[in-house]
There are 2 protein chains.
Amino acid sequence: MVTSKNCIIRLSRYKNALYRLLSLGFLKVFSETLADEVGVTASQVRKDFSLFGISGNKKGGYQIEALLNKLSSILGKDKLQKVIVVGSGHIGTALMKYKGFEKEGIKITAGFDIDPAKCNKSGTVPVLPIGELKDFVKNDAIKIGIIATPDIAAQQVADLMFEAGIKGILNFAPIRIKSPQDSIVNYVNLELELENVIYFVNALNKPLSLSKDSA
Amino acid sequence: MVTSKNCIIRLSRYKNALYRLLSLGFLKVFSETLADEVGVTASQVRKDFSLFGISGNKKGGYQIEALLNKLSSILGKDKLQKVIVVGSGHIGTALMKYKGFEKEGIKITAGFDIDPAKCNKSGTVPVLPIGELKDFVKNDAIKIGIIATPDIAAQQVADLMFEAGIKGILNFAPIRIKSPQDSIVNYVNLELELENVIYFVNALNKPLSLSKDSA
DNA sequence: TAGATTGTTAATCGATTAACAATC
DNA sequence: TAGATTGTTAATCGATTAACAATC
């Protein structure tokens with residue numbers, strides 16, 4: 001892989017910051033300014049851009065609008081991305097109802113659940129029986145799916161998704177997914193993120209002995 | 001900081017894997033096995049453990065139960081951690097109702113919202129007016145908070161939290177939080193995670209020219 | 001004992017940062 | 001022009017991995 005995940009994450013952050021700057025009336029930006037905005041170094045910004053052949057003006061910095069177009073195209077934001085969600089528990093439902101995706105060109109076109117009682121074809125985002133997933137995904141040529149099921153179901157759901165032609169998964173279940181070579185799985189693990197915050201809060205309180213002391 | 005975020009994240013993963021192994025009836029584990037389970041190298045496992053003065057038996061590997069006790073204590077899982085949530089939109093509400101935290105010793109004791117219509121003192125997790133946050137947090141000595149508000153409100157909410165004595169924040173709003181030195185903020189940005197999956201799915205489809213071509 | 005595994009040191013790898021020539 | 005900023009190369013930094021002596 002030529003580009004690291006972190007690098008792509010930064011591109012997204014640049015994009016978000018640039019929209020903010022644009023809405024404040026700015027037309028161009030220096031690497032230094034953008035770096036401050038996002039919390040990285042100016043070197044980092046220029047390095048990232050050069051990796052993607054994005055260039056600015058030796059003196060005038062970067063044209064924000066042109067930059068946004070390039071970043072959006074790199075990130076696949078130039079066309080609507082259709083996504084499905086499996087699992088209509090608390091998290092799954094929240095994602096289906098979440099307004100933040102639309103403005104990013106991401107549309108959740110359907111949810112799926114194994115429990116018929118949770119299905120509902122007539123909602124804004126219809127929730128369909130899991131049995132219909134394969135046809136739905138194939139018909140709409142959907143490539144991205146979200147797993148928001150209990151962990152015991154996650155691998156099975158992932159297998160079904162891959163079989164249907166899905167290539168990328170965002171997985172909320174706290175379990176490692178086995179996936180084919182030509183696919184990608186990203187993880188969001190809420191317990192783990194909270195646990196991490198807890199650790200560092202506790203560590204801040206302790207005097208300063210985090211180092212090795214050998215039990 | 002002596003220990004990196006990634007290292008702590010791995011400790012959490014080790015812990016989860018060890019619970020799984022324990023439930024399968026194993027009593028001890030080699031670094032190699034645990035590494036496979038979590039998807040890292042055996043060196044990594046031993047290195048991480050040695051950073052925290054955790055030692056095993058030169059031949060017999062590590063006692064799972066003792067290991068779990070140590071990891072739990074390092075991660076602060078030996079006592080109940082009380083957490084509040086601000087913002088009772090889709091995500092905030094899902095978090096309040098989420099069952100996964102309890103088994104990890106994390107308890108969401110209250111939610112807060114600026115909209116009186118969304119408040120409800122009698123639910124399983126009461127949702128209180130934001131004005132009551134400060135007293136509530138102080139009285140219960142709460143150190144951890146979750147922000148699930150719109151991005152425009154996030155910084156203000158964070159300031160209020162810090163003022164009340166909160167030291168660690170998990171922030172779901174897609175905005176960078178300015179925070180005091182003695183505090184920590186972790187970010188969960190759902191749009192960004194999805195965007196990342198989208199990028200790599202598109203990149204997998206493209207032949208193989210991710211490299212620089214200079215515009 | 002011989003074999004296997006830990007704990008730790010040294011080597012490697014990759015990502016970030018600094019520096020600076022090119023140039024507007 | 002002089003000053004400022006880019007684009008890129010080289011240096012630094014930190015994290016991961018390999019190797020191996022100690023030892024059970």
Side-chain angles (χ1 to χ4, degrees), chain A residues 1-14 17-18 21 26-64 66-67 70-71 74 196 199-200 210-215, chain B residues 1-14 17-18 21 26-64 66-67 70-71 74 196 199-200 210-215:
Chain A
M1 195 84 62
V2 183
T3 41
S4 72
K5 181 177 176 188
N6 281 348
C7 176
I8 303 303
I9 294 270
R10 284 196 302 270
L11 293 192
S12 289
R13 290 196 209 279
Y14 299 150
L18 288 166
L21 290 169
F26 291 95
L27 296 178
K28 44 191 203 169
V29 69
F30 298 132
S31 56
E32 185 70 43
T33 319
L34 186 53
D36 283 352
E37 211 50 40
V38 170
V40 300
T41 64
S43 284
Q44 183 77 271
V45 171
R46 297 200 298 274
K47 184 68 171 271
D48 286 339
F49 285 176
S50 92
L51 273 171
F52 288 93
I54 294 175
S55 53
N57 303 98
K58 278 271 148 72
K59 181 135 170 240
Y62 303 82
Q63 297 289 331
I64 294 182
L67 195 49
K70 278 191 186 147
L71 290 176
I74 291 166
N196 196 260
Y199 170 80
F200 282 105
L210 300 175
S211 42
K212 50 191 163 183
D213 278 312
S214 192
Chain B
M1 195 86 61
V2 183
T3 42
S4 72
K5 181 178 174 184
N6 281 347
C7 175
I8 303 303
I9 294 270
R10 282 195 303 270
L11 293 193
S12 289
R13 291 195 210 280
Y14 299 148
L18 288 166
L21 290 169
F26 292 95
L27 295 178
K28 44 190 203 170
V29 68
F30 299 133
S31 57
E32 186 69 43
T33 320
L34 186 53
D36 282 353
E37 214 44 44
V38 171
V40 300
T41 64
S43 285
Q44 184 77 269
V45 171
R46 297 200 299 274
K47 184 68 173 272
D48 286 339
F49 285 177
S50 91
L51 273 172
F52 288 92
I54 295 174
S55 54
N57 303 99
K58 278 272 152 69
K59 182 137 169 241
Y62 303 82
Q63 298 289 331
I64 295 183
L67 196 47
K70 279 193 186 146
L71 290 175
I74 290 167
N196 197 259
Y199 171 81
F200 282 104
L210 298 178
S211 43
K212 50 190 162 181
D213 278 311
S214 192

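Here is how names work: the chains are called A, B, and so on, in the same order as the sequence lines, proteins then strands, and each is numbered from 1. Here the structure is a predicted model, which is why all the values come from computation and not from measurement.
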Treat a base pair as Watson-Crick or G-U wobble with both distances under 3.5 Å, then lay out DNA chain D in dot-bracket form, 5' to 3', with | for cross-strand pairs. ..||||||||||||||||||||||

Applying side-chain hydrogen bond (donor to acceptor under 3.5 Å, both in side chains), name anything that partners B:Arg10, two or more places apart in sequence or on another chain.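 B:Arg10 satisfies side-chain hydrogen bond (donor to acceptor under 3.5 Å, both in side chains) with B:Gln44, B:Asp48 once adjacent residues are dropped.
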
Output, in order, the C-alpha distance, side-chain angles, deciding distance and verdict of side-chain contact (heavy atoms from CB on, under 4.5 Å) for A:Phe200 and A:Asn196. CA-CA 6 Å; A:Phe200 282 105; A:Asn196 196 260; 3.6 Å; yes

Report the residue (A:Ser31 or A:Lys59) whose heavy-atom-nearest nucleotide on DNA chain D is the more 5′ of the two.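 First, find each residue's nearest nucleotide; the 5'-ward one identifies A:Lys59.
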
Rounded distance in Å - CG (A:Asp48) to C1' (D:dG7):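 For the pair A:Asp48 CG and D:dG7 C1', the rounded distance is 13 Å.
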
For A:Ala42 versus A:Ser31, what's the shortest heavy-atom pair and its separation?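 So the two residues come closest at CB-OG, 3.9 Å.
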
Which heavy atom in A:Phe52 sits nearest to a heavy atom in A:Cys7, and how many Å separate them?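 Looking at all heavy atoms of both residues, the closest pair is CE1-SG, 4.0 Å.
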
Checking contacts here: which listed nucleotide (C:dA15, D:dT23, D:dT16) is nearest the side-chain heavy atoms of B:Arg10?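 My answer, after comparing the listed nucleotides, is D:dT16.
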
So which nucleotide from C:dT16, D:dT16, C:dT5 ends up closest to the side chain of B:Phe30?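 Nearest listed nucleotide: C:dT5.
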
So which of residues 40-47 of chain A are in contact with DNA chain C, with a heavy-atom cut-off of under 4.0 Å?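 Close to the strand are A:Thr41, A:Ser43, A:Gln44, A:Arg46, A:Lys47.
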
Rounded distance [0.5 Å steps], OH in A:Tyr62 versus CG in A:Leu18: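 It is 11.0 Å, given to the nearest 0.5 Å.
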
Working to the nearest 0.5 angstrom, can you tell me the gap between B:Phe30 CZ and B:Asn57 CG?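 B:Phe30 atom CZ to B:Asn57 atom CG measures 10.0 Å (nearest 0.5 Å).
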
Pick the nucleotide of DNA chain C nearest each of B:Gly61 and A:Cys7; which residue has the one closer to the 5' end?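 In this pair, the answer is B:Gly61.
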
Once you apply a heavy-atom cut-off of 4.0 Å, does B:Phe49 come out as touching a base, just sugar-phosphate, or nothing?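 Nothing: the residue B:Phe49, judged by heavy atoms under 4.0 Å, touches no strand.
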
Under 6.0 Å between the ring centres of A:Phe49 and A:Tyr14?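 Judged by ring-centre distance (under 6.0 Å), A:Phe49 and A:Tyr14 do meet the cut-off.
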
